[in-house]
Engineer: 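Right, I'll just put the structure down here and ask away after.
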Amino acid sequence: MFDSFGDFLAMGGYGPYIWASYGLCFGGMVILLIQSILTWKKRRSELEQLEASRARQSTPAARSKETQ
Amino acid sequence: MARLSATSLTCLRGPRLVFEGLGFSLNAGDALLLTGPNGSGKSSLLRLLAGLLSPLDGQIMANGHPISDDIEGHRATTAYLGHLDPVKSTLTVQENARFWATLLGLPDRVDVALATLNLTDLAALSGRVLSSGQRRRLSLTRLLLSPADLWLLDEPTVGLDTNAVATVEQMVADHRARGGVVILSTHVEFQLPGAKTLDLGDYTPAAFRSEAPV
Amino acid sequence: MHRFANPSQFMRVAEAMLPWMVALCIPLMAAGLYFGLWASPADYQQSETVRIMYIHVPSAFLAQGAYIVMALGSASFLIWKHPLGDLIARAAAPIGCIFALICLVTGSLWGKPTWGTYWVWDARLTSMLILFFLFLGYLALANAFDDPARGDKPAAILAVVGIVNIPIIKFSVYFFNTLHQKSTLFGDLFSSGEEAGASGLQQPDIAAAAAQQGSALPPSMLLPLMLMLAAFSVFFLILLVLRLRGELATVRLRALRAGLRAG
Amino acid sequence: MTEFLAGFSAVLIRDLRLALRQSADLALVLGFFTIAASLFPFGVGPAPETLARIAPGVIWVLALLSVMLSLDRLFEQDLADGSLEQMVLTPRPLVLTVLAKALAHWLTTGLPLIAITPVIGILLNFPTAGYSTLLIGLALGTPSLSLIGAVGAALTLGARRAGLLIALLVLPLYIPILIFGVTAVDSVLTGFEARAHFLYLAAILVAAIPLAPLAAAAAVRHGVEG
């Protein structure tokens with residue numbers, strides 16, 4: 001256990017190595033998480049947008065089919 | 001039981017839906033002429049039937065069994081002539097023909113095949129010097145060197161002179177007489193007596209359909 | 001069954017478990033960090049730097065786990081035509097690749113204070129480097145085709161070929177390592193000498209880490225390691241489900257676009 | 001049985017004939033091997049001892065790269081002119097056709113490399129005591145390089161920048177062969193014998209002969225579709 005927060009940060013002099021590796025590790029994990037969520041959200045919005053435009057366009061097409 | 005039949009066939013090429021709901025049935029000795037505008041999927045259909053392309057939906061049956069069950073077996077009984085002529089420029093006509101004859105299993109028919117497509121006097125020439133018509137005739141010899149009873153020909157007579165076209169028509173007639181099945185697409189006049197026709201334009205999906213494949 | 005026809009049973013279960021997994025992951029991670037960074041002793045030999053082990057070993061574990069998930073998904077896609085198989089592989093690959101990279105980076109950051117250099121051709125680090133290359137190969141191949149769907153089968157074949165080669169690669173790396181491993185400081189630290197001839201898939205990292213300490217890890221160190229391993233594994237599953245949803249949506253989008261552009 | 005061999009030898013002879021008639025390609029591979037080897041003295045200095053120490057590693061790495069650089073000759077041209085899809089359509093088992101092509105590739109790449117290795121050895125002051133081990137190692141190792149390379153070539157059919165992609169896919173799988181090949185020479189030069197290393201190389205080859213063509217054939221079947 002560390003006696004002070006300062007020691008905790010210093011990590012017995014190896015602070016830079018330890019905090020760098022923890023930072024990079026959790027940084028990588030967070031980036032991975034965010035990227036995964038973003039792509040999924042982007043795809044889902046494209047899907048909804050596409051389905052909406054299909055719904056809009058299929059009604060006139062349906063109408064034109066009856067008139068042929 | 002039909003030698004070859006397809007039901008509600010749907011084909012996706014890259015991002016594009018080429019045709020859907022296509023079907024036909026052929027018995028021994030039958031012929032099917034594929035017509036339709038460019039891009040309507042004639043080549044895609046031929047590649048599907050040769051097992052070189054897997055359909056998005058639908059079923060292709062050969063002798064009552066789906067070809068996907070034994071795709072290798074189906075391919076072994078199929079002769080497919082595409083747009084490309086597999087002629088090696090550094091091999092002679094004779095070597096090219098003999099290679100395919102050995103691989104297809106009828107090595108002793110090389111001379112007959114070359115004679116039929118009057119390539120005999122070109123036998124010693126290397127592929128590099130052949131004209132496109134001659135290269136086409138050389139790849140047509142593969143049909144005579146193959147035991148396959150199902151011929152899938154994609155515009156077989158492109159670049160051929162009139163008597164070469166007559167030779168091909170005769171080859172097809174003989175093949176059908178022997179109980180073989182021929183499916184071919186062409187834009188030029190081709191004698192195919194008693195052949196069924198299939199216009200791929202009828203199967204091009206309408207611009208927007210209500211039931212998307214979701 | 002067209003994979004985009006209806007999200008299969010597998011996906012519905014995975015979706016349902018997602019909130020539970022998140023609820024499980026956060027406390028585990030917090031506990032792991034607390035015990036790992038604050039409430040555990042320093043190592044008598046490596047002092048505080050041993051705390052890097054609490055993320056280095058789990059990331060190595062995840063990288064190898066991800067490759068196994070990738071290979072199993074690919075095999076089920078190739079052999080049993082499981083429609084989600086290649087999507088699971090495509091989802092797992094980037095995760096495994098990133099964790100392999102994290103493992104390498106934390107390994108070299110851990111190596112600098114203890115061995116004096118950022119990189120040592122130690123058997124386990126070298127194997128992880130090669131695993132990272134295999135991930136890069138998979139990702140490059142899966143996305144090397146103009147039509148994205150065409151990359152599925154080649155990538156699946158590569159993953160299966162890769163998993164078959166992993167034991168051979170690991171054995172040859174250990175073989176290479178023991179030949180060049182005379183008695184350096186590094187030698188007794190990672191004691192890879194005795195591990196030569198590790199047959200089959202590499203034995204779990206935990207045993208290797210334990211062996212490295214000579215005696216078994218003291219419980220005060222084993223606890224944070226286990227907590228972090230669990231937290232990382234749950235995090236991996238969360239990521240896998242998220243990316244799988246993305247892959248499934250991409251495939252469904254492609255099908256819709258095909259239907260649209262039919263005209 | 002002879003029917004299998006007929007197909008196998010037809011493909012083998014055709015590929016050998018194609019390679020020999022375009023022998024410029026052969027010269028390219030040997031040219032690369034020689035030029036790359038002669039770069040090292042410029043890089044690490046001409047001192048005989050340093051060259052002698054790195055010679056086994058350099059020769060093995062360059063042999064590996066030379067084999068890999070000529071892998072596109074396996075399927076690329078046949079895909080382009082439609083021969084490959086016709087080969088898939090013949091009644092011959094595709095696995096044997098792929099094996100024949102890999103063998104033809106080895107005969108026109110691996111073997112010439114082994115033949116020219118003594119010359120390279122002289123350039124790099126290769127310790128003469130290790131020659132036989134080097135040549136035996138290469139003889140056992142290069143066929144596996146062609147077989148595993150065939151899988152890489154088949155997987156990248158129709159891919160963008162296939163040449164570079166093959167390197168990324170195949171080099172990690174080449175590492176065991178490289179390790180056993182080089183350590184065989186090192187152990188002989190330090191007084192031990194290389195029997196174990198040869199057994200490992202032979203084991204990899206024996207495993208690669210049936211497995212690599214299986215994977216490559218599956219990849220080729222996918223490659224011709226589309």
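Because the structure is a prediction, the values reported are computed rather than measured. Any value given below was found using the heavy atoms of this structure, including those in side chains, with hydrogens, waters and symmetry copies removed. We name chains A, B, ... by the order of the sequence lines, and we start the count at 1 in each one.
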Engineer: How close do C:Ile169 and D:Pro172 get, counting heavy atoms only, and between which atoms?
Structural biologist: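 The answer is CD1-O, 3.8 Å.
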Engineer: Near D:Arg161 CZ, under 6.0 Å, is it more than 12 heavy atoms from other residues, nucleotides or ligands?
Structural biologist: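 For D:Arg161, atom CZ is not crowded (no more than 12 foreign heavy atoms under 6.0 Å).
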Engineer: Can you tell me which portion of D:Ile179 sits under 4.5 Å from chain C's heavy atoms? Options are side chain, backbone, both or neither.
Structural biologist: side chain
Engineer: Between C:Arg150 and D:Ala159 (side chain of the first, backbone of the second, donor and acceptor by atom type, cut-off under 3.5 Å), is there such a pair?
Structural biologist: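 It does not hold such a pair.
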Engineer: Which one wins on heavy-atom pair count under 4.5 Å against chain D: C:Asn165, C:Val164, C:Ile157?
Structural biologist: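 Heavy-atom pairs under 4.5 Å are most numerous for C:Ile157.
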Engineer: Below 4.5 Å from any heavy atom of chain C, which atoms of D:Ile204 appear? Answer side chain, backbone, both or neither.
Structural biologist: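 Contact with chain C: side chain only.
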Engineer: Check whether any side-chain heavy atom of C:Leu141 lies under 4.5 Å from a side-chain heavy atom of D:Leu168, and answer yes or no.
Structural biologist: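 No, every pair of side-chain atoms sits at 4.5 Å or beyond.
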Engineer: If I compare all heavy atoms of C:Gly137 with all of D:Leu169, which pair ends up nearest, and what's the gap?
Structural biologist: O-CD2, 3.3 Å
Engineer: So which of C:Leu78, C:Leu129, C:Asp146 has the biggest tally of heavy-atom pairs under 4.5 Å with chain D?
Structural biologist: C:Asp146
Engineer: Find out whether D:Phe180 and C:Ser172 are in side-chain contact, i.e. whether some heavy atom of one side chain is under 4.5 Å from a heavy atom of the other.
Structural biologist: yes
Engineer: Name the region of C:Asn143, side chain, backbone, both or neither, that has any atom closer than 4.5 Å to a heavy atom of chain D.
Structural biologist: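 Only the backbone of C:Asn143 comes within 4.5 Å of chain D.
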Engineer: I need the contact set between residues 181-199 of chain D and chain C: heavy-atom distance under 4.5 Å, sorted by residue number.
Structural biologist: D:Thr183, D:His197
Engineer: Give the member of D:Ile175, D:Leu173, D:Val151 that has the highest number of heavy-atom pairs under 4.5 Å with chain C.
Structural biologist: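 Greatest number of close heavy-atom pairs with chain C: D:Leu173.
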